[in-house]
Amino acid sequence: MKSIPVLLFSLYSLSSSIAPAQTAVYTTSQQKVTLTGLGGSGGVGQSRVDWGNCVFDGTNTNCTITAPYTGVGGGGTISLVLAYAGSGPSPFTANSISPGSDLVTFGLLSGGSGSVTVSLTESTGVTVPFLSNNFTFFYDSATCSGPAVTPCSIGPVGLTPGAVISGTVHGTFDATPVIRTSQGVISASGYGALSAIAPGTWMEIYGTNLANVNPRIWGSGDFTGNNAPTALGGTTVSVGGQSAFVDYVSPTQVNAQVPSNIGSGPQKVIVTTPGGTSAAYTVTVNQVEPGLLALPLFNVNGAQYVTALFPDGAIFVAPPGSISGVTSVRARPGDTIVFYGIGFGSVTPNIPAGQLVTQANNLSGFQISIGGVPATVAFAGLTGGVVGLYQFNVVIPPVPASDSVPVTFSLGGSAGTQKLQIAISN
């Protein structure tokens with residue numbers, strides 16, 4: 001068996017609700033924040049926000065304040081950016097959460113649009129985006145003008161149209177990781193992006209605040225012997241209460257191998273970082289959820305080619321020149337080519353999730369047809385030298401030449417769900 005090229009195992013891309021926790025604090029900024037009262041109801045005020053240093057780039061206005069922060073990782077400097085289209089008045093509002101309170105949350109005027117984004121420049125020098133609108137702030141000291149308010153604080157200003165308060169601020173932000181509610185957990189996108197997962201398969205988790213480090217993939221130094229890490233860059237993942245094996249982290253995506261012994265049915269996926277613990281995302285677990293490698297790069301004119309290689313590990317099976325930057329030729333009947341997959345279940349002897357494969361093994365029950373003709377499978381099992389990746393050495397059967405020969409497969413008699421094709425010549 002050949003070790004799979006790194007290209008094929010770059011699972012992270014070739015391409016819920018927020019848990020209620022204020023987990024980090026930023027101290028006094030050097031940029032002023034000015035609020036102009038708009039009035040309110042029920043004793044709760046609303047003010048238009050003019051925020052820090054604003055720059056119009058010809059399309060958008062970006063208003064920034066910076067300040068030291070603590071409470072996430074090793075601390076550092078926070079940059080809070082309020083951005084909106086055009087160069088007109090700010091559409092952002094500060095909303096008092098109780099009568100007379102100096103504790104506020106951000107909002108938008110009716111019909112307004114914009115975004116609030118945080119970047120954390122950690123003490124290590126790493127800059128990480130935190131994408132959440134859950135910020136609050138207090139004035140350190142402030143001055144008021146316009147219609148008189150007593151006292152000079154956010155709540156009374158918000159209740160008084162035209163009143164103005166200005167000064168530097170400090171506050172808090174919520175760095176809790178959040179798994180997005182739609183397609184927040186899928187099987188690896190290069191292998192079908194299935195909505196269910198299986199023990200030992202690879203999954204991708206999407207959301208915000210999923211790491212407080214720049215994107216990174218595991219390296220040999222993260223392993224203990226042949227055992228893969230369950231934490232990477234301070235991020236951990238649990239599935240059904242068991243630790244997953246984390247191979248890639250970024251603020252918006254985490255990739256992990258599902259542990260071996262989780263049960264079937266609905267299971268909870270949870271991400272934990274130095275910023276907190278996410279709300280659980282419920283995903284369906286099946287005992288197998290097989291997918292063959294079919295990278296988006298191999299989608300040509302709307303047709304998805306399976307990503308297969310010749311045994312040299314360098315030449316792909318596809319129409320020559322059809323994929324930019326990829327060396328490819330058509331396969332011929334009698335050629336042995338190599339497919340890769342995830343989610344195919346247990347092998348003999350058993351190799352649990354989270355371990356580099358170092359021994360010969362085989363997978364039972366795998367069948368594949370090319371052009372409707374069953375193909376000989378010379379080998380099926382986990383490939384050596386990597387974690388949780390299946391390899392299938394397949395002999396091309398005698399089928400007519402075409403660039404759109406269908407590829408179908410089954411495991412234990414259950415058909416795979418991907419719609420794939422391959423290029424064959426005579």
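Keep in mind that what you see is a predicted model, and the values were worked out from it rather than measured. Computed over heavy atoms, backbone and side chain alike; hydrogens, waters and symmetry mates excluded.
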Identify the residue among [options] that makes a side chain to side chain contact (heavy atoms under 4.5 Å, CB included) with [X].
| X | options | value |
| --- | --- | --- |
| Met203 | Ile197, Val254, Val283 | Ile197 |
| Asn255 | Val246, Val249, Asp247 | Asp247 |
| Cys144 | Val149, Val164, Thr150 | Val149 |

Between [Y] and [X], do the side chains contain a donor N or O and an acceptor N or O under 3.5 Å apart?
| X | Y | value |
| --- | --- | --- |
| Asn261 | Gln242 | no |
| Thr230 | Ser243 | no |
| Thr66 | Ser79 | no |
| Thr168 | Thr28 | no |

Can you list the steps and then say if Phe379 with Val394 is a side-chain contact (heavy atoms from CB on, under 4.5 Å)?
CA-CA 7 Å; Phe379 170 77; Val394 176; over 6 Å; no

For the [atom1] atom of [X] and the [atom2] atom of [Y], what is their distance to the nearest 0.5 Å?
| X | Y | atom1 | atom2 | result |
| --- | --- | --- | --- | --- |
| Ser187 | Glu204 | OG | CD | 7.5 Å |
| Ser250 | Asn212 | OG | CG | 12.0 Å |
| Gln367 | Leu411 | CD | CG | 9.5 Å |
| Ile165 | Thr34 | CD1 | OG1 | 9.5 Å |
| Cys54 | Asn62 | SG | CG | 8.5 Å |
| Leu82 | Cys63 | CG | SG | 7.0 Å |

Any side-chain heavy-atom pair from [X] and [Y] closer than 4.5 angstrom?
| X | Y | value |
| --- | --- | --- |
| Thr124 | Val213 | no |
| Thr201 | Glu289 | no |
| Leu108 | Phe92 | yes |
| Val407 | Gln421 | no |
| Leu309 | Ile315 | no |
| Ile179 | Tyr206 | no |
| Val387 | Val357 | no |
| Tyr281 | Gln267 | no |

Show your working on side-chain contact (heavy atoms from CB on, under 4.5 Å) between Ile422 and Phe339 and close with a plain yes or no.
CA-CA 11 Å; Ile422 196 168; Phe339 298 84; 4.2 Å; yes

Pairs where residues 207-222 contributes a residue and the test salt bridge (Lys or Arg N to Asp or Glu O under 4.0 Å) is met, not counting sequence neighbours:
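Passing the test, one end in residues 207-222: Arg216-Asp222.
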
Is it true that a side-chain atom of [X] and a backbone atom of [Y] form a donor plus acceptor pair closer than 3.5 Å?
| X | Y | value |
| --- | --- | --- |
| Ser328 | Pro319 | yes |
| Thr307 | Leu295 | yes |
| Gln253 | Ile205 | no |
| Thr235 | Leu210 | yes |
| Thr160 | Gly37 | no |
| Gln257 | Ala244 | no |
| Thr93 | Leu109 | no |
| Asn361 | Leu382 | yes |
| Ser90 | Val49 | yes |
| Thr284 | Pro266 | no |

The single option from Phe409, Trp202, Tyr191 that satisfies ring-ring contact (aromatic ring centres under 6.0 Å, His included) with Phe344 is Phe409

Quick one: closest heavy-atom pair of [X] and [Y], and the distance?
| X | Y | result |
| --- | --- | --- |
| Pro68 | Ile78 | O-CG2, 4.4 Å |
| Phe173 | Val25 | CE2-N, 4.4 Å |
| Ala353 | Gly200 | CB-CA, 4.1 Å |
| His170 | Thr27 | CB-C, 3.7 Å |
| Gly385 | Leu356 | O-CD2, 3.5 Å |
| Leu363 | Val347 | CB-CG1, 4.2 Å |

Examine [X] together with [Y] and report whether their ring centres are nearer than 6.0 Å.
| X | Y | answer |
| --- | --- | --- |
| Trp218 | Tyr248 | no |
| Phe316 | Phe298 | yes |
| Trp51 | Tyr84 | no |

Mind running side chain to side chain donor-acceptor pair (under 3.5 Å) on Asn95 and Gln46 for me, showing each step along the way?
CA-CA 5 Å; Asn95 305 296; Gln46 185 179 66; 3.1 Å; yes

Before you tell me yes or no, could you show the steps for Gln287 and Ser264 under side chain to side chain donor-acceptor pair (under 3.5 Å), namely the whole-Å CA-CA distance, both residues' side-chain angles and the distance that decides it to 0.1 Å?
CA-CA 6 Å; Gln287 280 306 295; Ser264 298; 2.8 Å; yes

Verify side chain to side chain donor-acceptor pair (under 3.5 Å) between Thr77 and Thr121, making sure each step is shown before the conclusion.
CA-CA 5 Å; Thr77 300; Thr121 302; over 6 Å; no

Parallel, tilted or perpendicular: which one describes the rings of Phe392 and Tyr390, with boundaries at 30° and 60°?
parallel

CA sep, side-chain torsions, deciding dist, call: Leu389, Tyr340, side-chain contact (heavy atoms from CB on, under 4.5 Å)
CA-CA 7 Å; Leu389 184 69; Tyr340 295 97; 3.9 Å; yes

Considering residues at least two apart in sequence or located in another chain, which fulfil the salt bridge (charged side-chain N to carboxylate O under 4.0 Å, His left out) criterion with Arg48?
none

Run Thr408 and Lys419 through side-chain contact (heavy atoms from CB on, under 4.5 Å) and show every step you take.
CA-CA 7 Å; Thr408 58; Lys419 186 176 182 180; over 6 Å; no

